[in-house]
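Take a look at the structure set out below.
Letters A, B, ... mirror the listed sequences (proteins, then strands); counts begin at 1.
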Protein chains: 2
Amino acid sequence: MPASGCDGCIARHKGLCSALSPDELARLSAVARRRRFAAGQTIVDDQQELPYLANVLSGVVKLTKTLVDGREQIVELQFPADFVGRPLGGPSGFRAEAAINVELCTFARSRFEQVMRAVPGVERRLLQHTLDALDAARAWMVLLGRKTAAEKVASFLLILAQRFRGAAGAGSGWVNAVRFELPLTRGEMADFLGLTIETVSRNMTRLRSIGVIRLQGMRTVIVPDMERLTAASECPLEHAAQEPAPRPDGMRAVCVG
Amino acid sequence: MPASGCDGCIARHKGLCSALSPDELARLSAVARRRRFAAGQTIVDDQQELPYLANVLSGVVKLTKTLVDGREQIVELQFPADFVGRPLGGPSGFRAEAAINVELCTFARSRFEQVMRAVPGVERRLLQHTLDALDAARAWMVLLGRKTAAEKVASFLLILAQRFRGAAGAGSGWVNAVRFELPLTRGEMADFLGLTIETVSRNMTRLRSIGVIRLQGMRTVIVPDMERLTAASECPLEHAAQEPAPRPDGMRAVCVG
DNA sequence: CGGCGGCGTTGACAAAAATCAATGCCAGAA
DNA sequence: TTCTGGCATTGATTTTTGTCAACGCCGCCG
C-alpha cells in the first residue's frame, strides 16, 4: 500500500471497485488520494467536470440545481461508500457540495478510464443511456420540487415542442411555429407534473388566453413563439404575458395564414 | 434481413445498438420482433420483469408508480427511439403503459445479455450503480410530486434512519430505537423535499409532538419505533398519531433509560 | 334520433403550504 | 461575560393549489 494512497479504502468501495481484479485494484490504489472538504465547500460546479472520480469515505455530499431566481433543489444525497463523479465525462449540470465535513477517496479520471477502455461499445452505450435518463429524472425533480403549476405546464409543453420541433410546424400558417399532438390526457399530464386535472386545465387555459399557445381541438397544440413558451417555463407567468422579446435576427413569429 | 424481424429498425436504435458490430447486429436483428400495444394497455407491471428489451418505434410509453391510496406519479415518458427495459434484470418497481398506441421493436433478453456477457465487471458495476441512482431519483420524484409535507419530512427521516439503523441505536436507552444525526440544516431539508424552511420546521415539531421522533438538540434524532415512522411516511399523519401497532414478536419499543 | 360516458372546463370553496414577521436558542467572537 | 449572527421555531396572514360540484362537448352506441 503506497504511503500516498488511502489505505485500504479502495477495497471497501461500493459498486465500482469490488469487481476489479487484484491487479487493477493495485493500480488504482496506487493513485488514490484522500481529499477533505469542509461543510459548505463546493466540490464541483455545475459547469465543470471533476478531474477525478471518487467514493465518499465520510460525511455527506449534496447534489443541487439552482434556478436563475435562486430557488434550489437538492437532487441527491451521497453517503459513505457512494460514488461521486460522471464516468463518461462532461459536466453534470449539478453542483456537488459538502453538506457536512467530507472525506473523499479520489483517483484520477484518466487512470480510471484506462481500465474502462477495453470495454466494447454496447455497455458503454447502455451506460450513457442510463446516465441520460438519470439527468432527465433529476431535471424533472427540480420541476416537481420547485416550479409553480404554471411553470410545470409550460415546461411540459416545452419538452414536447422541442421533441417535435420542425416535424410538423410547416403548414400551420405560422413562421417559426411548432405544432404537435399531446400524447397524454389532462389527467396524465397532472400525474406527470404532480398536479390535479383541474390545475392543469386552468393553466392550459391561461397559457392559451395570453397567447403563448393555441389549441386545435383538445390535443393539438400550436406554439407560435418558442421564446415565450420558454420564458413561461422558467419564470412567473406575468412576464410571459408581455410582448415576445425581439428576436436577434429581427424576425417575428406572425400568423401568415 | 429475416422476414420475421422488424426490417432495419435495429439500425436506427438510439444508444444501444449503434455501437454493435455488423455481426452482433445481424444476430440481434434475427430475433427482433415488432409488438404493438393499444393506448392504455400495460406493457409491464411493477413486479414483473420484461422478458425482452425494446426500443420504441412509434407512440409514447409512460412509466408510473402508484401509491397504495391511488395517488399516481409518472416518472418518465418514452418516445420513439427510446430504450425500454432494465438491462441488468429484476423488476423496476414501475409500471410501463402505452399512453397512446405503441409499437415496440423487441429482442429477447437472453440474446441481448449474451452480447453483454463478455464485458468485465467494472462497467457492469458502474451500470448497476447508475441504475440504482436512477431508481432512487424516480422514487424521489414520487415523493416530490405526490406526497404531503408531513409525508415528505417523515420519508426523509426514514431514509436516514434506515441508513444508520443499528449504527447508533445502542446506548440510547431504547429498545429497537434508531438514533442518528441530521446531516442537513432545516433549509437544506426544505431544498431536498421541495418545501420551505417553515414547513419543514412545523412538521418536525408535529412529528415530535405525536411521539414519532424525539430530538436531542437540533440535529440528533431518535426514532423510538420505526413502524410508526414508516406509517407516517406513507399515509396522512393522523393515522401515525395512534398507538404503535403491536409488534409481531409481542415486544414494545419503550424507554428503559 | 336521444341517451350515455369519458374527458375537459369552470366556478365556489376549502385545505395546504408559502410568506411575512417576531422571537428564541445557541455557539463563537470580542 | 455580553454581543452577535446564523439557524430554528412559532404565529398571523396570504397565496396557491386541491376539492367538490356543475356543466359543456363530443363520439359512440342503442
Let me know the distance between [atom1] of [X] and [atom2] of [N], rounded to the nearest Å.
X        : N      : atom1 : atom2 : value
A/Leu215 : D/dG24 : CG    : P     : 20 Å
A/Arg186 : C/dT10 : CZ    : P     : 10 Å
A/Asn203 : D/dT16 : CG    : P     : 11 Å
A/Arg219 : C/dG6  : CZ    : C1'   : 12 Å
B/Arg71  : D/dT19 : CZ    : P     : 10 Å
A/Glu151 : D/dT16 : CD    : P     : 11 Å
B/Glu188 : D/dG6  : CD    : P     : 15 Å
A/Ile197 : D/dC20 : CD1   : C1'   : 13 Å

Is a side-chain N or O of [X] found less than 3.5 angstrom from the main chain of [Y], in a donor-acceptor match?
X        : Y        : result
A/Asp191 : B/Gln73  : no
B/Ser201 : B/Glu198 : no
A/Gln78  : A/Phe83  : yes
B/Lys147 : B/Ser233 : yes

Point to revise | Salt-bridge present (B/Asp69, B/Arg146; N to O < 4.0 Å) | key: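 Looking at B/Asp69 and B/Arg146, the cut-off is not met.
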Point to revise | Ion pair check, B/Arg86 and B/Glu49, cut-off under 4.0 Å | key: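 Salt bridge: no.
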Check your understanding: To the nearest 0.5 Å, how far apart are CD in B/Glu72 and OG1 in B/Thr66?
Key ->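 Interatomic distance, B/Glu72 CD to B/Thr66 OG1, rounded to 0.5 Å: 3.5 Å.
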Practice item. Please work out whether the ring planes of A/Trp140 and A/Phe192 are parallel, tilted or perpendicular, with thresholds of 30° and 60°. Key: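 Geometry flag for A/Phe192 against A/Trp140: parallel rings.
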Check your understanding: Within the structure shown, what part of the strands sits under 4.0 Å from B/Gly187 by heavy-atom distance: base, sugar-phosphate, or nothing?
Key ->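 The residue B/Gly187 makes sugar-phosphate contact but no base contact.
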Check your understanding: Taking DNA chain D as the partner, which of residues 138-145 of chain B come within under 4.0 angstrom of it by heavy atom?
Key ->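 By residue number: none to list.
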Point to revise | Reference residue B/Thr220; test side chain to side chain donor-acceptor pair (under 3.5 Å); the match among B/Glu181, B/Arg179, B/Arg214 | key: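 Among B/Glu181, B/Arg179, B/Arg214, the one that satisfies the side chain to side chain donor-acceptor pair (under 3.5 Å) with B/Thr220 is B/Glu181.
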Exercise for review: At under 4.0 Å between heavy atoms, which parts of nucleotides 18-25 of chain C does protein reach? Answer with one letter per nucleotide, 5' to 3': B base, S sugar-phosphate only, - none.
Suggested key: SBB-----
Practice item. State whether A/Thr205 places a side-chain N or O below 4.0 Å from either non-bridging phosphate oxygen (OP1 or OP2) of C/dT10. Key: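 For A/Thr205, the contact criterion (side-chain N or O under 4.0 Å from OP1 or OP2 of C/dT10) is met.
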